[in-house]
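Here's the structure we're looking at; comments come further down.
Lettering of chains follows the sequences in order, A, B, ..., and the numbering in each one begins at 1.
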2 protein chains.
Amino acid sequence: MSSPRPEKRRAITEAARRVFGTEGYARAAVDAIAAEAGVSKRTVYNHFRDKEDLFLSVALEGGHEVTAAIARLLEKHLRKIVDVTEDLTAFALERVAAVWEFPDHFALVRTIEAEAARIPRPVLDAWIEAGPQTAHLRLAPYLAGMADRGLLSLGDATAELAADHFNLLTVVNVNQRTFYGAVPLPEDEVTETVTTGVRTFLRLYGPP
Amino acid sequence: MSSPRPEKRRAITEAARRVFGTEGYARAAVDAIAAEAGVSKRTVYNHFRDKEDLFLSVALEGGHEVTAAIARLLEKHLRKIVDVTEDLTAFALERVAAVWEFPDHFALVRTIEAEAARIPRPVLDAWIEAGPQTAHLRLAPYLAGMADRGLLSLGDATAELAADHFNLLTVVNVNQRTFYGAVPLPEDEVTETVTTGVRTFLRLYGPP
DNA sequence: GTCTATAAAAAGATAGAC
DNA sequence: GTCTATCTTTTTATAGAC
């Protein structure tokens with residue numbers, strides 16, 4: 001399972017992400033992954049115990065990458081606030097667009113959700129923590145900071161709860177409608193949904 | 001494709017719902033569905049063109065059934081309002097519990113979401129309309145009625161938007177955490193989430 | 001570790017009798 | 001329309017040479 005050719009392993013994981021994303025788990029053939037990666041099938045089995053091991057490795061890796069990308073978006077838009085409404089909206093719009101920016105990953109997310117009941121709990125928990133949960137919770141400190149500066153008023157709500165509501169009203173709402181990007185939604189409807197979501201969030205937590 | 005033995009067709013669709021729900025689309029074997037239904041595989045192919053036709057028929061049928069069940073919950077809890085908070089909470093709790101009451105159907109929902117990109121658009125649209133969209137939109141008239149009676153104050157929001165927010169804050173929130181019931185969540189956390197969701201909803205739309 | 005070739009099993013769909 | 005038996009293809013995983 002060690003790998004003196006790290007570039008091959010890399011090629012395999014990238015190919016696997018594409019094929020698993022396009023085909024789903026059961027339909028994806030290891031043959032196809034090997035072909036897409038430009039290696040023989042035997043090489044795939046030298047790097048990964050079996051198909052399931054390959055799938056879960058790719059999923060976990062993708063979770064970390066997307067979480068990192070979202071962390072960069074948080075820094076970009078919410079590190080220094082110029083205008084609360086505009087900055088939150090700009091963040092949410094780019095956050096939502098991640099679904100189209102990493103189509104292979106989010107196709108994988110849909111597959112994971114479908115397979116959730118069949119994935120070993122420790123592995124699933126590791127994925128949830130690496131991916132959605134962390135990406136989700138990292139928003140809270142930024143909101144807390146904004147509240148400290150008087151830009152938001154959390155009342156007796158925790159920053160985590162406010163982050164929860166922000167995500168539901170913007171990202172989750174759009175993802176529900178588009179099945180995580182599988183069904184396209186006109187850009188102006190996305191903008192409308194996010195704008196309304198931010199406005200609603202500020203009715204809950206906007207400065208007095 | 002006609003069926004002089006309707007009870008066989010029924011047995012097949014019920015078996016298909018269980019097997020597709022348990023195994024997902026690609027993994028589910030028509031052999032297994034036939035065995036579960038107690039008929040031969042050839043009989044399955046006499047009633048349904050192919051595996052995909054069977055899957056989509058079952059999905060659509062399930063969508064209608066669950067939508068009807070949710071309509072009954074709306075009538076039960078929101079036809080006559082005794083206490084706004086309590087009635088909305090009771091409705092949301094039972095609405096959320098539907099995921100555990102129809103485990104096969106919601107396992108199928110997860111599969112549909114995963115396969116969304118591969119399902120023919122007209123068929124997918126028909127399913128969305130029969131299932132989630134209708135179940136979702138039927139809440140709006142009840143909220144509008146409550147607003148008319150002064151039990152809610154919608155401001156300049158439409159009843160559809162308020163319904164959207166109610167669903168996001170309660171049902172969608174729980175479903176996100178549990179992957180539509182695939183990962184269990186302690187009952188008190190469910191209650192806590194729904195209660196908080198209703199309270200937040202009433203901060204937005206409660207009477208003045 | 002990587003390749004070609006192959007084994008072994010599974011699954012979708014159909015032929016043909018009744 | 002329903003059944004048993006079968007065809008055909010696809011797929012996971014491995015043997016064995018280099």
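Atom pair Arg9(A):CZ and dG1(C):P shows a separation of 11 Å (rounding to whole Å applied). Between Ile12(B) atom CD1 and dG1(D) atom P there is a gap of 12 Å when expressed in whole angstrom units.
Here Glu94(B) does not pair with Arg72(B) in a salt bridge; the nearest charged N to carboxylate O distance is not below 4.0 Å. Contact check on Lys41(B) versus Asp31(B) returns a salt bridge, with a Lys/Arg side-chain nitrogen under 4.0 Å from an Asp/Glu carboxylate oxygen.
The list of salt bridge (Lys or Arg N to Asp or Glu O under 4.0 Å) pairs with a residue in residues 126-135 of chain B, not counting sequence neighbours, is empty.
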Under 4.0 Å protein heavy-atom contact, by nucleotide of nucleotides 3-18 of chain C - B base, S sugar-phosphate only: BB-------BBBB---
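Remark: Arg203(A) qualifies as a cation-pi partner of Tyr205(B) under the 6.0 Å distance and 45° angle criteria applied to the six-membered ring.
Side-chain atoms of His105(A) and Glu65(A) include no donor-acceptor pair closer than 3.5 Å.
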